[in-house]
Amino acid sequence: MRKLITVTLMSFLLLVACSDKEPASETVQSSEEAVQVVNLNLGYDNKEESLADDTVPEDTAVSEESVLNEDDPEDGSSEEGYSEELSASDMAAEESVSEAAAYENGSSETDETDDTVETVTPAPENKAAHSGIVVCIDPGHQGKGNSAKEPVGPGSDQMKAKVSSGTEGRFSGVTEHALNLQIGLALRDELERRGYTVIMTRTTEDVDLSNSERAMIANNNNADAFIRIHANGSDNASVSGAEGICQTKKNPWNANEYAASRKLCDALVNNYSAATGIKNKGVIEEDNMSGINWSQVPVCIFEMGYMTNKSDDLFMNDSSGQKKMVEGLANGVDEYFGR
Ligand SMILES: [Zn+2]
(Lines give C-alpha, C1' and ligand atoms only; values in the text may rest on other atoms or scores of the structure.)
Protein backbone atom coordinates (compact mmCIF):
# COMPACT_ATOMS: atom_id res chain seq x y z
CA MET A 1 0.00 0.00 0.00
CA ARG A 2 2.79 2.34 0.98
CA LYS A 3 4.59 1.48 -2.20
CA LEU A 4 1.47 2.30 -4.17
CA ILE A 5 1.21 5.69 -2.49
CA THR A 6 4.87 6.36 -3.21
CA VAL A 7 4.44 5.42 -6.87
CA THR A 8 1.30 7.56 -7.14
CA LEU A 9 3.06 10.46 -5.48
CA MET A 10 6.03 10.13 -7.82
CA SER A 11 3.75 10.02 -10.84
CA PHE A 12 2.07 13.15 -9.63
CA LEU A 13 5.37 14.93 -9.14
CA LEU A 14 6.48 13.80 -12.59
CA LEU A 15 3.28 15.21 -14.05
CA VAL A 16 3.81 18.53 -12.32
CA ALA A 17 7.39 18.61 -13.57
CA CYS A 18 6.29 17.87 -17.14
CA SER A 19 3.54 20.44 -17.15
CA ASP A 20 6.01 22.99 -15.84
CA LYS A 21 8.15 22.38 -18.87
CA GLU A 22 5.65 23.55 -21.43
CA PRO A 23 5.32 27.17 -20.40
CA ALA A 24 9.09 27.26 -20.07
CA SER A 25 9.65 26.20 -23.67
CA GLU A 26 6.96 28.58 -24.81
CA THR A 27 8.77 31.37 -23.07
CA VAL A 28 11.92 30.47 -24.96
CA GLN A 29 9.92 30.42 -28.14
CA SER A 30 8.32 33.80 -27.64
CA SER A 31 11.52 35.52 -26.66
CA GLU A 32 13.04 33.96 -29.75
CA GLU A 33 10.24 35.45 -31.75
CA ALA A 34 10.64 38.76 -29.99
CA VAL A 35 14.28 38.81 -31.04
CA GLN A 36 13.20 38.12 -34.59
CA VAL A 37 10.69 40.95 -34.49
CA VAL A 38 13.52 43.28 -33.59
CA ASN A 39 15.70 41.83 -36.31
CA LEU A 40 12.95 42.16 -38.84
CA ASN A 41 12.29 45.75 -37.94
CA LEU A 42 15.95 46.73 -37.95
CA GLY A 43 17.17 44.57 -40.78
CA TYR A 44 14.16 45.05 -42.90
CA ASP A 45 15.95 46.78 -45.74
CA ASN A 46 18.61 44.13 -46.13
CA LYS A 47 16.38 41.16 -46.01
CA GLU A 48 13.79 41.31 -48.69
CA GLU A 49 10.75 39.14 -48.03
CA SER A 50 12.41 38.28 -44.75
CA LEU A 51 9.07 37.85 -43.06
CA ALA A 52 8.33 35.12 -45.49
CA ASP A 53 11.69 33.48 -45.34
CA ASP A 54 12.03 33.45 -41.65
CA THR A 55 9.64 32.94 -38.84
CA VAL A 56 6.76 35.33 -39.08
CA PRO A 57 5.82 36.49 -35.65
CA GLU A 58 2.12 37.17 -35.46
CA ASP A 59 2.50 40.53 -33.83
CA THR A 60 4.52 42.04 -36.69
CA ALA A 61 1.39 41.92 -38.81
CA VAL A 62 -0.11 44.65 -36.70
CA SER A 63 2.92 46.91 -36.50
CA GLU A 64 3.85 46.62 -40.18
CA GLU A 65 0.27 47.06 -41.20
CA SER A 66 -0.08 50.31 -39.31
CA VAL A 67 3.08 51.56 -41.01
CA LEU A 68 1.73 50.64 -44.39
CA ASN A 69 -1.62 52.23 -43.80
CA GLU A 70 0.14 55.58 -43.61
CA ASP A 71 1.14 55.15 -47.21
CA ASP A 72 -0.93 56.82 -49.80
CA PRO A 73 -1.52 54.10 -52.36
CA GLU A 74 -1.87 55.48 -55.86
CA ASP A 75 -2.91 52.20 -57.26
CA GLY A 76 -5.08 50.96 -54.48
CA SER A 77 -7.64 48.71 -56.01
CA SER A 78 -7.63 46.26 -58.84
CA GLU A 79 -10.11 45.52 -61.56
CA GLU A 80 -13.41 44.11 -60.47
CA GLY A 81 -13.24 41.69 -63.38
CA TYR A 82 -11.31 39.22 -61.34
CA SER A 83 -14.11 38.44 -58.98
CA GLU A 84 -16.41 37.87 -61.93
CA GLU A 85 -13.89 35.55 -63.49
CA LEU A 86 -13.60 33.64 -60.28
CA SER A 87 -17.27 33.14 -59.85
CA ALA A 88 -17.56 32.01 -63.46
CA SER A 89 -14.93 29.35 -62.95
CA ASP A 90 -16.47 28.44 -59.64
CA MET A 91 -19.74 27.75 -61.37
CA ALA A 92 -18.08 25.55 -63.93
CA ALA A 93 -16.46 23.79 -61.03
CA GLU A 94 -19.76 22.68 -59.59
CA GLU A 95 -20.22 20.29 -62.48
CA SER A 96 -17.26 18.16 -61.63
CA VAL A 97 -17.09 18.31 -57.87
CA SER A 98 -18.14 14.69 -57.60
CA GLU A 99 -15.09 13.61 -59.53
CA ALA A 100 -12.70 15.19 -57.06
CA ALA A 101 -12.72 11.96 -55.11
CA ALA A 102 -10.90 10.36 -58.01
CA TYR A 103 -7.66 11.78 -56.61
CA GLU A 104 -8.13 10.43 -53.15
CA ASN A 105 -6.66 6.97 -53.40
CA GLY A 106 -4.10 7.75 -56.02
CA SER A 107 -0.82 7.90 -54.20
CA SER A 108 1.45 4.93 -53.78
CA GLU A 109 4.95 4.62 -52.54
CA THR A 110 6.89 3.31 -55.52
CA ASP A 111 10.10 4.80 -56.83
CA GLU A 112 11.57 5.63 -53.43
CA THR A 113 15.04 5.77 -54.86
CA ASP A 114 14.27 7.95 -57.83
CA ASP A 115 15.75 11.43 -57.45
CA THR A 116 13.27 13.16 -59.66
CA VAL A 117 10.03 14.49 -58.24
CA GLU A 118 7.05 12.81 -59.75
CA THR A 119 3.63 12.01 -58.49
CA VAL A 120 1.96 8.74 -59.28
CA THR A 121 -1.64 9.82 -59.03
CA PRO A 122 -3.71 8.29 -61.84
CA ALA A 123 -4.73 10.73 -64.53
CA PRO A 124 -7.73 12.67 -63.25
CA GLU A 125 -10.94 12.12 -65.15
CA ASN A 126 -11.86 15.77 -64.80
CA LYS A 127 -8.79 17.08 -66.57
CA ALA A 128 -11.00 18.94 -69.05
CA ALA A 129 -12.64 20.84 -66.18
CA HIS A 130 -9.31 22.56 -65.49
CA SER A 131 -8.92 23.68 -69.06
CA GLY A 132 -8.44 27.44 -69.33
CA ILE A 133 -7.49 27.92 -65.67
CA VAL A 134 -4.15 29.72 -65.45
CA VAL A 135 -1.92 29.13 -62.44
CA CYS A 136 1.25 31.19 -62.09
CA ILE A 137 3.99 29.56 -60.01
CA ASP A 138 6.83 31.63 -58.61
CA PRO A 139 9.73 29.56 -57.24
CA GLY A 140 11.00 32.03 -54.63
CA HIS A 141 14.40 33.72 -54.86
CA GLN A 142 17.04 32.98 -57.50
CA GLY A 143 20.67 31.88 -57.84
CA LYS A 144 21.89 35.31 -56.73
CA GLY A 145 19.85 37.81 -54.72
CA ASN A 146 19.51 41.45 -55.77
CA SER A 147 19.65 44.00 -52.96
CA ALA A 148 18.68 46.98 -55.12
CA LYS A 149 15.42 48.51 -53.85
CA GLU A 150 11.90 48.65 -55.20
CA PRO A 151 8.65 50.00 -53.71
CA VAL A 152 6.88 47.50 -51.43
CA GLY A 153 3.66 48.22 -53.34
CA PRO A 154 2.55 50.31 -56.31
CA GLY A 155 3.20 53.99 -55.54
CA SER A 156 4.63 53.27 -52.08
CA ASP A 157 7.62 55.21 -50.80
CA GLN A 158 8.52 52.28 -48.58
CA MET A 159 11.35 50.40 -50.26
CA LYS A 160 12.54 46.80 -50.00
CA ALA A 161 15.30 44.80 -51.65
CA LYS A 162 14.21 43.45 -55.01
CA VAL A 163 14.85 39.81 -54.13
CA SER A 164 16.83 38.20 -51.31
CA SER A 165 18.86 35.03 -51.50
CA GLY A 166 16.66 33.02 -49.11
CA THR A 167 17.50 30.50 -46.45
CA GLU A 168 19.39 27.20 -46.61
CA GLY A 169 18.91 23.64 -45.40
CA ARG A 170 20.83 23.23 -42.18
CA PHE A 171 20.78 19.45 -42.52
CA SER A 172 20.35 18.87 -46.27
CA GLY A 173 22.77 21.63 -47.31
CA VAL A 174 20.34 22.50 -50.12
CA THR A 175 19.69 26.19 -50.80
CA GLU A 176 16.13 27.46 -50.55
CA HIS A 177 16.17 28.86 -54.09
CA ALA A 178 17.16 25.44 -55.46
CA LEU A 179 14.46 23.64 -53.46
CA ASN A 180 11.82 26.20 -54.45
CA LEU A 181 12.71 25.72 -58.12
CA GLN A 182 12.68 21.93 -57.86
CA ILE A 183 9.24 21.87 -56.22
CA GLY A 184 7.95 24.64 -58.48
CA LEU A 185 8.86 22.67 -61.61
CA ALA A 186 7.39 19.46 -60.20
CA LEU A 187 4.18 21.29 -59.28
CA ARG A 188 4.01 22.72 -62.80
CA ASP A 189 4.24 19.21 -64.24
CA GLU A 190 1.56 17.89 -61.90
CA LEU A 191 -0.83 20.79 -62.53
CA GLU A 192 -0.36 20.49 -66.29
CA ARG A 193 -1.09 16.79 -65.97
CA ARG A 194 -4.33 17.73 -64.22
CA GLY A 195 -5.25 20.02 -67.10
CA TYR A 196 -4.24 23.47 -65.82
CA THR A 197 -2.30 26.05 -67.81
CA VAL A 198 0.83 26.93 -65.86
CA ILE A 199 2.99 30.05 -66.16
CA MET A 200 6.40 29.96 -64.44
CA THR A 201 8.13 33.15 -63.30
CA ARG A 202 11.42 31.27 -63.64
CA THR A 203 12.60 27.83 -64.70
CA THR A 204 16.30 28.31 -63.97
CA GLU A 205 18.49 29.73 -61.19
CA ASP A 206 20.09 32.19 -63.59
CA VAL A 207 17.50 34.98 -63.60
CA ASP A 208 17.27 38.46 -62.09
CA LEU A 209 13.61 39.00 -61.28
CA SER A 210 12.41 41.26 -58.49
CA ASN A 211 9.37 40.30 -56.44
CA SER A 212 7.24 43.03 -58.05
CA GLU A 213 8.32 41.83 -61.51
CA ARG A 214 7.22 38.31 -60.58
CA ALA A 215 3.82 39.61 -59.55
CA MET A 216 3.55 41.49 -62.85
CA ILE A 217 4.11 38.21 -64.70
CA ALA A 218 1.06 36.79 -62.90
CA ASN A 219 -0.94 39.98 -63.59
CA ASN A 220 0.00 40.17 -67.26
CA ASN A 221 -0.96 36.55 -67.80
CA ASN A 222 -4.32 37.07 -66.06
CA ALA A 223 -3.46 34.23 -63.70
CA ASP A 224 -6.40 32.81 -61.75
CA ALA A 225 -3.99 31.99 -58.92
CA PHE A 226 -0.46 33.13 -58.12
CA ILE A 227 1.45 30.65 -55.94
CA ARG A 228 4.80 31.73 -54.55
CA ILE A 229 6.85 28.75 -53.36
CA HIS A 230 9.15 29.35 -50.39
CA ALA A 231 10.73 27.54 -47.45
CA ASN A 232 11.26 29.00 -44.03
CA GLY A 233 14.18 29.45 -41.66
CA SER A 234 14.52 30.23 -37.97
CA ASP A 235 17.27 30.57 -35.41
CA ASN A 236 15.28 28.10 -33.34
CA ALA A 237 15.80 24.63 -34.83
CA SER A 238 12.69 23.30 -33.09
CA VAL A 239 10.37 25.59 -35.06
CA SER A 240 8.70 23.60 -37.84
CA GLY A 241 5.65 23.54 -40.06
CA ALA A 242 4.07 24.93 -43.19
CA GLU A 243 2.06 28.12 -43.59
CA GLY A 244 0.41 30.31 -46.18
CA ILE A 245 0.80 34.08 -46.32
CA CYS A 246 -1.61 36.50 -47.99
CA GLN A 247 -2.58 40.16 -47.70
CA THR A 248 -4.88 41.52 -44.99
CA LYS A 249 -8.40 42.63 -45.84
CA LYS A 250 -7.12 46.20 -45.38
CA ASN A 251 -4.29 45.95 -47.89
CA PRO A 252 -3.94 49.35 -49.61
CA TRP A 253 -3.30 47.82 -53.04
CA ASN A 254 -5.30 44.64 -53.42
CA ALA A 255 -7.78 44.29 -50.59
CA ASN A 256 -10.34 43.21 -53.19
CA GLU A 257 -8.30 40.02 -53.71
CA TYR A 258 -8.14 39.29 -49.99
CA ALA A 259 -10.98 36.78 -49.79
CA ALA A 260 -9.76 34.76 -52.77
CA SER A 261 -6.14 34.89 -51.58
CA ARG A 262 -7.13 33.71 -48.12
CA LYS A 263 -9.17 30.88 -49.61
CA LEU A 264 -6.21 29.88 -51.79
CA CYS A 265 -3.83 29.89 -48.81
CA ASP A 266 -6.23 27.86 -46.67
CA ALA A 267 -6.73 25.26 -49.40
CA LEU A 268 -2.98 24.94 -50.00
CA VAL A 269 -1.87 24.63 -46.38
CA ASN A 270 -4.66 22.26 -45.38
CA ASN A 271 -4.13 19.88 -48.29
CA TYR A 272 -0.35 20.11 -48.08
CA SER A 273 -0.33 19.32 -44.39
CA ALA A 274 -2.74 16.42 -44.88
CA ALA A 275 -0.59 14.92 -47.66
CA THR A 276 2.77 15.38 -45.96
CA GLY A 277 2.11 15.23 -42.24
CA ILE A 278 4.09 18.48 -41.92
CA LYS A 279 2.63 20.64 -39.13
CA ASN A 280 -0.14 22.98 -40.28
CA LYS A 281 0.65 26.49 -39.05
CA GLY A 282 -2.30 28.01 -40.84
CA VAL A 283 -2.37 31.30 -42.70
CA ILE A 284 -0.70 34.60 -41.84
CA GLU A 285 -1.93 37.91 -43.24
CA GLU A 286 0.74 40.51 -44.07
CA ASP A 287 0.84 43.73 -46.08
CA ASN A 288 4.59 44.11 -46.42
CA MET A 289 5.42 41.50 -49.05
CA SER A 290 6.21 43.17 -52.37
CA GLY A 291 5.24 40.13 -54.41
CA ILE A 292 1.83 40.05 -52.70
CA ASN A 293 1.22 43.81 -52.83
CA TRP A 294 2.00 44.10 -56.53
CA SER A 295 -0.28 41.18 -57.35
CA GLN A 296 -3.69 41.97 -58.80
CA VAL A 297 -4.74 38.31 -58.77
CA PRO A 298 -5.38 35.87 -55.88
CA VAL A 299 -1.97 35.24 -54.32
CA CYS A 300 -0.39 33.02 -51.69
CA ILE A 301 3.17 32.77 -50.47
CA PHE A 302 3.46 29.13 -49.51
CA GLU A 303 6.09 28.30 -46.91
CA MET A 304 6.64 24.55 -47.30
CA GLY A 305 8.46 24.01 -44.01
CA TYR A 306 11.54 25.04 -42.05
CA MET A 307 14.91 24.29 -43.58
CA THR A 308 16.39 24.91 -40.14
CA ASN A 309 14.34 22.07 -38.64
CA LYS A 310 15.82 18.61 -39.10
CA SER A 311 12.58 16.78 -39.74
CA ASP A 312 11.16 19.38 -42.16
CA ASP A 313 14.46 19.89 -43.99
CA LEU A 314 15.14 16.21 -44.58
CA PHE A 315 11.51 15.55 -45.57
CA MET A 316 11.51 18.39 -48.09
CA ASN A 317 14.71 17.13 -49.66
CA ASP A 318 13.70 13.50 -49.89
CA SER A 319 12.16 12.27 -53.15
CA SER A 320 9.25 10.45 -51.50
CA GLY A 321 8.57 13.49 -49.33
CA GLN A 322 8.59 15.73 -52.40
CA LYS A 323 5.99 13.58 -54.13
CA LYS A 324 3.65 14.11 -51.19
CA MET A 325 4.39 17.84 -51.12
CA VAL A 326 3.57 18.27 -54.80
CA GLU A 327 0.46 16.11 -54.53
CA GLY A 328 -0.74 18.08 -51.50
CA LEU A 329 -0.22 21.43 -53.26
CA ALA A 330 -1.97 20.22 -56.41
CA ASN A 331 -4.87 18.94 -54.31
CA GLY A 332 -5.01 22.38 -52.71
CA VAL A 333 -5.25 24.00 -56.14
CA ASP A 334 -8.05 21.58 -57.07
CA GLU A 335 -9.89 22.43 -53.87
CA TYR A 336 -9.48 26.17 -54.46
CA PHE A 337 -11.01 25.90 -57.90
CA GLY A 338 -13.69 23.62 -56.50
CA ARG A 339 -13.03 20.56 -58.62
ZN1 LIG B 1 11.96 32.43 -49.26
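Indexing begins at 1, ligand by ligand and atom by atom, following the structure's order. FYI, side chains are in, hydrogens and waters are out, and symmetry mates aren't considered; it's all heavy atoms of this structure.
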- prompt: Would you say His177 reaches the Zn ion (ligand 1) with an N/O/S atom under 2.8 Å?
  reply: no
query: Between Arg262 and Glu285, is the closest basic N to carboxylate O distance under 4.0 Å?
result: yes
- prompt: Roughly how far, to the nearest 0.5 Å, is CG of Asp334 from CD of Glu327?
  reply: 9.5 Å
task: Carefully, step by step, assess Ser240 and Asp312 under the rule side chain to side chain donor-acceptor pair (under 3.5 Å).
output: CA-CA 7 Å; Ser240 67; Asp312 279 9; 4.5 Å; no
field: Atom of Glu176 nearest the Zn ion (ligand 1) (restricted to N/O/S, atom name only)
entry: OE2
message: If you apply the rule side chain to side chain donor-acceptor pair (under 3.5 Å), what do you find for Asp287 with Asn293, and how did you get there?
response: CA-CA 7 Å; Asp287 288 336; Asn293 295 339; over 6 Å; no
message: I'd like the atom name of the N/O/S atom in His230 lying closest to the Zn ion (ligand 1).
response: ND1
